[in-house]
*Asks:* 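Attaching a single structure in C-alpha coordinates format; questions to follow.
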Amino acid sequence: QVRPNKQRKKHKANCKRHSLYVDFSDVGWNDWIVAPPGYHAFYCQGECPFPLADHLNSTNHAIVQTLVNSVNSNIPRACCVPTDLSPVSLLYLDEYERVILKNYQDMVVEGCGCR
Amino acid sequence: GARGLVPQIGRSSLSQDVLHAFELRLLSMFGLKHRPSPSRSAVVPQYMMDLYSMHSVNAEQNNSNRPKGSLGKGSERSASRANTIRSFHHDESTEDLSSSSGKTTQRFLFNLTSIPGEEFVTSAELRIFREQVVSSPSNGSLAGFHRINVHEIIRPSGSLQEPITRLLDTRLVQHSLSKWESFDVSPAVTRWTADGRPNHGFVVEIVHPDQDSKRHVRVSRSLHDREDTWPQMRPLLVTYSHDGKGNVLHSREKR
(Lines give C-alpha, C1' and ligand atoms only; values in the text may rest on other atoms or scores of the structure.)
Protein backbone atom coordinates (compact mmCIF):
# COMPACT_ATOMS: atom_id res chain seq x y z
CA GLN A 1 0.00 0.00 0.00
CA VAL A 2 1.18 3.49 -0.83
CA ARG A 3 1.35 5.76 2.13
CA PRO A 4 1.04 9.30 0.70
CA ASN A 5 2.47 11.06 3.73
CA LYS A 6 5.72 9.21 3.64
CA GLN A 7 8.33 10.02 1.06
CA ARG A 8 8.72 7.18 -1.42
CA LYS A 9 12.02 5.39 -1.10
CA LYS A 10 14.51 6.41 -3.78
CA HIS A 11 15.13 3.56 -6.22
CA LYS A 12 18.71 2.39 -5.97
CA ALA A 13 20.43 0.62 -8.81
CA ASN A 14 21.27 -3.02 -8.44
CA CYS A 15 24.83 -4.26 -8.17
CA LYS A 16 26.67 -3.85 -11.46
CA ARG A 17 29.98 -2.87 -13.04
CA HIS A 18 30.67 0.85 -13.60
CA SER A 19 33.24 2.59 -15.70
CA LEU A 20 36.46 3.80 -14.07
CA TYR A 21 39.36 4.89 -16.24
CA VAL A 22 42.72 5.35 -14.53
CA ASP A 23 44.77 7.82 -16.53
CA PHE A 24 48.47 7.60 -15.64
CA SER A 25 49.10 11.18 -16.74
CA ASP A 26 46.59 12.39 -14.13
CA VAL A 27 48.86 11.08 -11.41
CA GLY A 28 52.08 12.06 -13.16
CA TRP A 29 53.09 8.47 -13.78
CA ASN A 30 53.28 8.82 -17.54
CA ASP A 31 56.99 9.70 -17.29
CA TRP A 32 57.88 6.14 -16.27
CA ILE A 33 54.93 4.09 -17.54
CA VAL A 34 55.56 3.86 -21.29
CA ALA A 35 52.38 2.00 -22.19
CA PRO A 36 49.43 1.94 -21.88
CA PRO A 37 48.58 5.62 -21.19
CA GLY A 38 45.90 4.45 -18.77
CA TYR A 39 43.48 1.60 -18.37
CA HIS A 40 39.85 0.76 -17.69
CA ALA A 41 39.80 -0.53 -14.12
CA PHE A 42 35.99 -0.46 -13.56
CA TYR A 43 34.37 -0.77 -10.15
CA CYS A 44 31.34 -2.48 -8.61
CA GLN A 45 28.50 -0.60 -7.03
CA GLY A 46 24.83 -1.12 -6.33
CA GLU A 47 22.34 -2.79 -4.10
CA CYS A 48 21.98 -6.48 -3.42
CA PRO A 49 18.23 -6.47 -2.74
CA PHE A 50 15.99 -9.23 -1.42
CA PRO A 51 15.25 -11.50 -3.24
CA LEU A 52 18.54 -11.82 -5.09
CA ALA A 53 18.00 -12.21 -8.80
CA ASP A 54 20.06 -14.68 -10.81
CA HIS A 55 21.85 -11.95 -12.77
CA LEU A 56 23.32 -10.57 -9.56
CA ASN A 57 25.78 -13.43 -9.64
CA SER A 58 25.33 -14.35 -6.00
CA THR A 59 26.56 -17.23 -3.90
CA ASN A 60 24.35 -19.47 -1.78
CA HIS A 61 25.76 -17.72 1.26
CA ALA A 62 24.81 -14.30 -0.15
CA ILE A 63 21.24 -15.55 -0.71
CA VAL A 64 21.05 -16.76 2.91
CA GLN A 65 22.53 -13.51 4.25
CA THR A 66 20.10 -11.42 2.20
CA LEU A 67 17.21 -13.57 3.39
CA VAL A 68 18.24 -13.12 7.02
CA ASN A 69 18.65 -9.37 6.45
CA SER A 70 15.07 -9.17 5.21
CA VAL A 71 13.83 -10.28 8.65
CA ASN A 72 16.65 -8.93 10.82
CA SER A 73 18.22 -5.69 9.70
CA ASN A 74 21.11 -6.11 12.17
CA ILE A 75 22.55 -8.55 9.70
CA PRO A 76 23.88 -6.57 6.72
CA ARG A 77 22.96 -7.26 3.14
CA ALA A 78 25.39 -9.04 0.86
CA CYS A 79 28.06 -6.78 -0.64
CA CYS A 80 28.49 -5.81 -4.28
CA VAL A 81 32.04 -6.85 -5.09
CA PRO A 82 34.26 -7.87 -8.05
CA THR A 83 33.77 -11.55 -8.83
CA ASP A 84 36.03 -11.74 -11.85
CA LEU A 85 39.26 -9.82 -12.42
CA SER A 86 41.74 -9.79 -15.25
CA PRO A 87 45.39 -8.70 -15.55
CA VAL A 88 46.96 -5.67 -17.19
CA SER A 89 50.35 -5.54 -18.93
CA LEU A 90 52.51 -2.52 -18.23
CA LEU A 91 55.60 -1.42 -20.11
CA TYR A 92 57.66 0.81 -17.87
CA LEU A 93 61.10 2.12 -16.93
CA ASP A 94 62.36 1.20 -13.49
CA GLU A 95 64.65 3.13 -11.13
CA TYR A 96 67.67 2.15 -13.24
CA GLU A 97 66.01 3.18 -16.55
CA ARG A 98 65.69 -0.44 -17.56
CA VAL A 99 62.65 -1.32 -19.59
CA ILE A 100 60.29 -3.91 -18.12
CA LEU A 101 57.15 -5.50 -19.47
CA LYS A 102 55.11 -7.05 -16.68
CA ASN A 103 51.74 -8.64 -16.28
CA TYR A 104 49.90 -7.47 -13.15
CA GLN A 105 47.11 -9.71 -11.98
CA ASP A 106 43.67 -8.63 -10.76
CA MET A 107 43.76 -5.10 -12.15
CA VAL A 108 40.52 -4.97 -14.17
CA VAL A 109 37.04 -5.80 -12.91
CA GLU A 110 35.42 -8.10 -15.43
CA GLY A 111 32.32 -8.98 -13.44
CA CYS A 112 30.49 -7.92 -10.28
CA GLY A 113 28.25 -9.89 -7.97
CA CYS A 114 26.62 -10.04 -4.56
CA ARG A 115 28.81 -11.88 -2.06
CA GLY B 1 51.27 12.45 -7.71
CA ALA B 2 48.81 10.25 -5.92
CA ARG B 3 46.53 13.27 -5.47
CA GLY B 4 44.87 12.64 -8.81
CA LEU B 5 43.82 9.16 -7.80
CA VAL B 6 42.18 10.25 -4.58
CA PRO B 7 38.47 11.06 -5.08
CA GLN B 8 37.29 14.68 -4.78
CA ILE B 9 35.29 13.91 -1.66
CA GLY B 10 37.62 13.95 1.30
CA ARG B 11 40.63 14.97 -0.75
CA SER B 12 41.22 18.22 1.12
CA SER B 13 41.37 16.45 4.44
CA LEU B 14 44.21 14.19 3.33
CA SER B 15 47.65 15.31 4.40
CA GLN B 16 50.75 15.09 2.24
CA ASP B 17 51.97 12.24 4.43
CA VAL B 18 48.85 10.24 3.72
CA LEU B 19 49.17 10.92 -0.02
CA HIS B 20 52.81 9.90 0.08
CA ALA B 21 51.95 6.70 1.94
CA PHE B 22 49.20 6.07 -0.58
CA GLU B 23 51.62 6.42 -3.48
CA LEU B 24 54.17 4.15 -1.77
CA ARG B 25 51.46 1.52 -1.31
CA LEU B 26 50.64 1.71 -5.01
CA LEU B 27 54.30 1.53 -6.02
CA SER B 28 54.84 -1.44 -3.75
CA MET B 29 51.92 -3.12 -5.52
CA PHE B 30 53.95 -2.63 -8.71
CA GLY B 31 57.03 -4.08 -7.02
CA LEU B 32 58.86 -0.74 -6.77
CA LYS B 33 60.43 0.82 -3.70
CA HIS B 34 60.12 4.37 -4.94
CA ARG B 35 58.82 6.21 -7.93
CA PRO B 36 61.14 5.92 -10.95
CA SER B 37 62.20 9.20 -12.50
CA PRO B 38 63.80 8.36 -15.84
CA SER B 39 65.77 10.98 -17.74
CA ARG B 40 64.65 12.26 -21.13
CA SER B 41 67.45 10.31 -22.76
CA ALA B 42 66.10 6.96 -21.54
CA VAL B 43 65.66 4.60 -24.48
CA VAL B 44 62.81 2.15 -24.88
CA PRO B 45 63.98 -0.58 -27.28
CA GLN B 46 61.65 -1.16 -30.21
CA TYR B 47 61.73 -4.88 -29.42
CA MET B 48 60.14 -4.22 -26.02
CA MET B 49 57.44 -2.13 -27.72
CA ASP B 50 56.82 -5.02 -30.11
CA LEU B 51 56.64 -7.50 -27.24
CA TYR B 52 54.17 -5.21 -25.50
CA SER B 53 52.00 -5.08 -28.62
CA MET B 54 52.10 -8.82 -28.94
CA HIS B 55 51.56 -9.85 -25.34
CA SER B 56 49.66 -7.02 -23.78
CA VAL B 57 46.12 -7.86 -22.81
CA ASN B 58 45.22 -4.21 -23.06
CA ALA B 59 47.13 -3.01 -26.13
CA GLU B 60 45.40 -0.92 -28.72
CA GLN B 61 43.80 -2.92 -31.46
CA ASN B 62 45.58 -0.92 -34.15
CA ASN B 63 49.21 -1.94 -34.24
CA SER B 64 49.77 -1.95 -37.96
CA ASN B 65 53.09 -0.13 -37.46
CA ARG B 66 54.59 -3.20 -35.85
CA PRO B 67 57.47 -4.52 -37.96
CA LYS B 68 56.44 -7.88 -39.26
CA GLY B 69 58.60 -10.84 -38.40
CA SER B 70 60.57 -9.04 -35.70
CA LEU B 71 59.25 -11.43 -33.06
CA GLY B 72 60.03 -15.04 -33.56
CA LYS B 73 58.38 -18.16 -32.23
CA GLY B 74 61.15 -18.26 -29.65
CA SER B 75 60.06 -15.08 -27.89
CA GLU B 76 56.46 -16.26 -27.94
CA ARG B 77 57.46 -19.56 -26.36
CA SER B 78 59.64 -17.81 -23.77
CA ALA B 79 56.86 -15.42 -22.82
CA SER B 80 54.42 -18.27 -22.42
CA ARG B 81 56.25 -19.23 -19.19
CA ALA B 82 56.88 -15.72 -17.88
CA ASN B 83 54.95 -12.78 -16.47
CA THR B 84 57.89 -10.37 -16.63
CA ILE B 85 60.21 -9.42 -19.48
CA ARG B 86 63.25 -7.27 -18.73
CA SER B 87 65.68 -5.70 -21.18
CA PHE B 88 69.30 -4.77 -20.51
CA HIS B 89 71.97 -2.85 -22.37
CA HIS B 90 75.55 -3.80 -21.73
CA ASP B 91 77.99 -1.69 -19.78
CA GLU B 92 80.03 -0.05 -22.54
CA SER B 93 82.83 0.88 -20.18
CA THR B 94 83.66 -2.81 -19.67
CA GLU B 95 83.43 -3.92 -23.29
CA ASP B 96 86.52 -5.33 -24.90
CA LEU B 97 86.55 -5.31 -28.68
CA SER B 98 89.36 -6.99 -30.56
CA SER B 99 89.83 -7.93 -34.15
CA SER B 100 92.44 -10.03 -35.86
CA SER B 101 92.81 -12.46 -38.75
CA GLY B 102 89.21 -12.57 -39.89
CA LYS B 103 87.77 -12.73 -36.43
CA THR B 104 86.16 -10.03 -34.27
CA THR B 105 85.48 -10.67 -30.61
CA GLN B 106 83.56 -8.52 -28.20
CA ARG B 107 83.12 -8.99 -24.48
CA PHE B 108 79.80 -7.90 -22.99
CA LEU B 109 78.89 -7.42 -19.37
CA PHE B 110 75.23 -6.98 -18.45
CA ASN B 111 74.40 -5.92 -14.91
CA LEU B 112 71.55 -8.21 -13.87
CA THR B 113 71.47 -7.26 -10.19
CA SER B 114 68.14 -5.47 -10.66
CA ILE B 115 66.37 -8.81 -11.15
CA PRO B 116 64.66 -9.46 -7.78
CA GLY B 117 65.68 -12.62 -5.94
CA GLU B 118 62.14 -13.99 -5.91
CA GLU B 119 61.96 -13.84 -9.69
CA PHE B 120 62.82 -17.03 -11.53
CA VAL B 121 64.40 -16.52 -14.97
CA THR B 122 62.84 -19.03 -17.35
CA SER B 123 64.84 -18.00 -20.44
CA ALA B 124 67.04 -15.28 -21.88
CA GLU B 125 68.05 -14.15 -25.34
CA LEU B 126 70.91 -11.99 -26.55
CA ARG B 127 69.85 -9.94 -29.55
CA ILE B 128 72.42 -8.59 -31.98
CA PHE B 129 71.76 -6.45 -35.01
CA ARG B 130 73.60 -7.05 -38.25
CA GLU B 131 73.42 -4.59 -41.09
CA GLN B 132 73.58 -5.52 -44.75
CA VAL B 133 77.01 -5.28 -46.29
CA VAL B 134 77.33 -4.83 -50.03
CA SER B 135 80.58 -6.34 -51.16
CA SER B 136 82.03 -7.65 -54.39
CA PRO B 137 81.29 -11.31 -55.12
CA SER B 138 83.99 -13.69 -54.08
CA ASN B 139 84.83 -17.13 -55.33
CA GLY B 140 84.94 -18.85 -51.96
CA SER B 141 82.10 -21.19 -51.08
CA LEU B 142 81.51 -19.35 -47.78
CA ALA B 143 81.69 -15.88 -49.34
CA GLY B 144 78.97 -13.63 -47.92
CA PHE B 145 78.63 -15.70 -44.78
CA HIS B 146 79.58 -14.99 -41.19
CA ARG B 147 79.61 -17.28 -38.24
CA ILE B 148 78.54 -15.80 -34.93
CA ASN B 149 79.45 -17.69 -31.76
CA VAL B 150 78.18 -16.65 -28.36
CA HIS B 151 80.15 -17.87 -25.35
CA GLU B 152 79.67 -17.53 -21.61
CA ILE B 153 82.82 -16.50 -19.75
CA ILE B 154 83.32 -19.08 -17.02
CA ARG B 155 86.62 -17.61 -15.82
CA PRO B 156 87.95 -14.24 -17.02
CA SER B 157 91.38 -13.98 -18.57
CA GLY B 158 94.29 -13.59 -16.20
CA SER B 159 97.63 -11.92 -16.85
CA LEU B 160 99.02 -14.94 -18.67
CA GLN B 161 96.02 -17.05 -19.39
CA GLU B 162 93.15 -17.03 -21.84
CA PRO B 163 89.60 -16.81 -20.48
CA ILE B 164 87.72 -20.07 -19.99
CA THR B 165 84.50 -19.98 -21.95
CA ARG B 166 81.75 -22.29 -23.05
CA LEU B 167 79.74 -22.06 -26.24
CA LEU B 168 76.09 -21.15 -25.70
CA ASP B 169 74.82 -20.67 -29.25
CA THR B 170 76.15 -20.38 -32.79
CA ARG B 171 74.78 -19.40 -36.18
CA LEU B 172 75.89 -19.05 -39.77
CA VAL B 173 74.46 -15.83 -41.23
CA GLN B 174 74.50 -14.16 -44.62
CA HIS B 175 75.85 -10.63 -44.64
CA SER B 176 73.65 -9.45 -47.50
CA LEU B 177 70.73 -9.10 -45.07
CA SER B 178 69.86 -6.59 -42.35
CA LYS B 179 68.39 -8.54 -39.49
CA TRP B 180 68.28 -9.02 -35.73
CA GLU B 181 69.71 -12.32 -34.56
CA SER B 182 68.56 -13.85 -31.33
CA PHE B 183 70.85 -16.19 -29.39
CA ASP B 184 69.70 -18.39 -26.55
CA VAL B 185 71.74 -17.51 -23.48
CA SER B 186 69.34 -19.02 -20.92
CA PRO B 187 71.85 -21.46 -19.35
CA ALA B 188 74.28 -18.64 -18.48
CA VAL B 189 71.66 -16.23 -17.13
CA THR B 190 70.10 -19.01 -15.03
CA ARG B 191 73.53 -19.84 -13.59
CA TRP B 192 74.07 -16.18 -12.66
CA THR B 193 70.61 -15.47 -11.24
CA ALA B 194 69.28 -18.73 -9.77
CA ASP B 195 72.55 -20.49 -8.92
CA GLY B 196 74.35 -17.33 -7.78
CA ARG B 197 77.43 -17.98 -9.94
CA PRO B 198 79.59 -14.92 -10.77
CA ASN B 199 78.57 -13.03 -13.90
CA HIS B 200 81.68 -12.51 -16.05
CA GLY B 201 79.63 -11.75 -19.14
CA PHE B 202 79.59 -13.04 -22.67
CA VAL B 203 82.07 -13.16 -25.51
CA VAL B 204 80.60 -12.78 -28.96
CA GLU B 205 82.91 -14.04 -31.68
CA ILE B 206 82.30 -13.13 -35.33
CA VAL B 207 84.20 -15.00 -37.98
CA HIS B 208 84.14 -12.93 -41.19
CA PRO B 209 85.75 -13.61 -44.53
CA ASP B 210 87.23 -10.16 -45.21
CA GLN B 211 87.88 -6.72 -43.72
CA ASP B 212 85.01 -5.13 -45.72
CA SER B 213 82.43 -7.18 -43.91
CA LYS B 214 83.91 -6.60 -40.47
CA ARG B 215 81.30 -3.97 -39.65
CA HIS B 216 78.37 -6.22 -40.52
CA VAL B 217 77.54 -7.37 -36.98
CA ARG B 218 76.94 -4.32 -34.76
CA VAL B 219 78.42 -5.47 -31.49
CA SER B 220 80.08 -2.16 -30.68
CA ARG B 221 79.38 1.54 -31.06
CA SER B 222 82.68 1.83 -32.93
CA LEU B 223 81.33 -0.50 -35.66
CA HIS B 224 78.15 1.52 -36.13
CA ASP B 225 78.19 4.55 -38.42
CA ARG B 226 75.42 6.65 -36.91
CA GLU B 227 75.47 7.78 -33.31
CA ASP B 228 71.78 8.69 -33.32
CA THR B 229 70.58 5.21 -34.28
CA TRP B 230 72.96 3.33 -31.98
CA PRO B 231 70.58 3.29 -28.95
CA GLN B 232 68.07 1.27 -31.00
CA MET B 233 70.67 -0.89 -32.77
CA ARG B 234 72.90 -1.86 -29.88
CA PRO B 235 72.92 -5.39 -28.47
CA LEU B 236 70.11 -6.19 -26.09
CA LEU B 237 69.78 -8.86 -23.45
CA VAL B 238 66.17 -9.85 -22.80
CA THR B 239 65.22 -11.99 -19.80
CA TYR B 240 61.91 -13.78 -19.31
CA SER B 241 61.00 -14.46 -15.70
CA HIS B 242 58.17 -15.26 -13.35
CA ASP B 243 57.72 -13.84 -9.86
CA GLY B 244 55.25 -16.51 -8.80
CA LYS B 245 52.33 -14.08 -8.86
CA GLY B 246 49.62 -14.23 -11.44
CA ASN B 247 49.33 -15.33 -15.01
CA VAL B 248 51.94 -15.52 -17.73
CA LEU B 249 52.10 -13.10 -20.62
CA HIS B 250 50.23 -14.43 -23.58
CA SER B 251 49.43 -13.46 -27.12
CA ARG B 252 46.81 -10.78 -27.34
CA GLU B 253 43.26 -12.04 -27.67
CA LYS B 254 40.16 -10.23 -28.77
CA ARG B 255 38.07 -9.49 -25.72
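Quick note on labels: first sequence line is chain A, next is B, and so on, each numbered from 1. Keep in mind that the numbers below use all heavy atoms, side chains included, and drop hydrogens, waters and symmetry copies. Owing to the predicted nature of the structure, the values given are computational and were not obtained by experimental measurement.
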*Asks:* Taking all non-hydrogen atoms of both residues, which atom of Leu91(A) and which atom of Met49(B) are closest, and how far apart?
*Replies:*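 In terms of heavy atoms, the two residues are closest at CD2-SD, 3.5 Å.
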*Asks:* I need the Leu26(B) CG to Trp29(A) CH2 distance, nearest 0.5 Å.
*Replies:*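 With rounding to 0.5 Å, CG (Leu26(B)) is 4.5 Å from CH2 (Trp29(A)).
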*Asks:* Answer with side chain, backbone, both or neither: which region of Ser39(B) has an atom nearer than 4.5 Å to a non-hydrogen atom of chain A?
*Replies:*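 Interface part for Ser39(B): both.
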*Asks:* What residues of residues 41-50 of chain A sit under 4.5 Å from chain B when only non-hydrogen atoms are counted?
*Replies:*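 The residues closer than 4.5 Å to chain B amount to none at all.
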*Asks:* Is His89(B) in contact with chain A via its backbone, its side chain, both, or neither, using a 4.5 Å heavy-atom distance?
*Replies:*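 Neither part.
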*Asks:* Is atom CG of Asn60(A) surrounded by more than 12 heavy atoms (other residues, nucleotides or ligands) closer than 6.0 Å?
*Replies:*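 No, CG of Asn60(A) has 12 or fewer neighbouring heavy atoms, counting only those of other groups under 6.0 Å.
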*Asks:* Counting only heavy atoms not in Arg171(B) (residues, nucleotides, ligands), do more than 12 fall under 6.0 Å from its CZ?
*Replies:*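 Yes, CZ of Arg171(B) has more than 12 neighbouring heavy atoms, counting only those of other groups under 6.0 Å.
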*Asks:* Using a 4.5 angstrom heavy-atom cutoff, name the option from His34(B), Arg40(B), Met29(B) with the most pairs to chain A.
*Replies:*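 Answer, by heavy-atom pair count under 4.5 Å with chain A: His34(B).
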*Asks:* Quick one: do Arg98(A) and Arg86(B) satisfy side chain to side chain contact (heavy atoms under 4.5 Å, CB included)? Show the steps, please.
*Replies:* CA-CA 7 Å; Arg98(A) 288 180 183 136; Arg86(B) 296 173 184 273; over 6 Å; no
*Asks:* Which answer fits Val43(B), side chain, backbone, both or neither, if we ask what part of it has an atom under 4.5 Å from a heavy atom of chain A?
*Replies:*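 For Val43(B), the backbone is the part near chain A, not the side chain.
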*Asks:* So does His61(A) have more than 12 non-hydrogen atoms from other groups sitting under 6.0 Å from NE2?
*Replies:*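 Atom NE2 in His61(A) is not packed in, count stays at 12 or less.
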*Asks:* Do the side chain of Tyr104(A) and the main chain of Phe30(B) share a donor and acceptor less than 3.5 angstrom apart?
*Replies:*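 Yes; judged by distance alone, with no hydrogens or angles, the pair exists.
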*Asks:* So, applying side-chain contact (heavy atoms from CB on, under 4.5 Å) with Asn103(A), which one of Asp243(B), Thr84(B), Leu249(B) is it?
*Replies:*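 Result for side-chain contact (heavy atoms from CB on, under 4.5 Å) with Asn103(A): Leu249(B).
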*Asks:* Rounded to the nearest 0.5 Å, how far does CD of Glu97(A) lie from OG of Ser37(B)?
*Replies:*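 Here the interatomic distance stands at 8.0 Å.
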*Asks:* Could you tell me the separation between the CD atom of Glu119(B) and the NZ atom of Lys102(A), rounded to the nearest 0.5 Å?
*Replies:*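 One gets 4.5 Å once the value is rounded to the nearest 0.5 Å.
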*Asks:* Could you check which of Ile33(A), Ile100(A), Val34(A), Asp106(A) has the highest count of heavy-atom pairs closer than 4.5 Å to chain B?
*Replies:*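 Maximum pair count with chain B is reached by Ile100(A).
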*Asks:* Would a 4.5 Å heavy-atom cut-off, applied to side chains only, mark Tyr52(B) and Pro36(A) as touching?
*Replies:*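 Contact flag for Tyr52(B)/Pro36(A) side chains = yes.
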*Asks:* Atom CE in Met48(B), atom CG in Leu93(A): separation rounded to 0.5 Å?
*Replies:*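 Result: 9.5 Å between the selected atoms.
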*Asks:* Identify the heavy atoms of Val99(A) and Pro45(B) that sit nearest to each other, and give their distance.
*Replies:*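 That closest heavy-atom pairing would be CG2-CD, 3.6 Å.
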*Asks:* Might you point out which heavy atoms bring Glu95(A) and Leu32(B) nearest each other, and give the distance in Å?
*Replies:*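 Glu95(A) and Leu32(B) have their closest heavy atoms at OE1-CD2, 3.4 Å.
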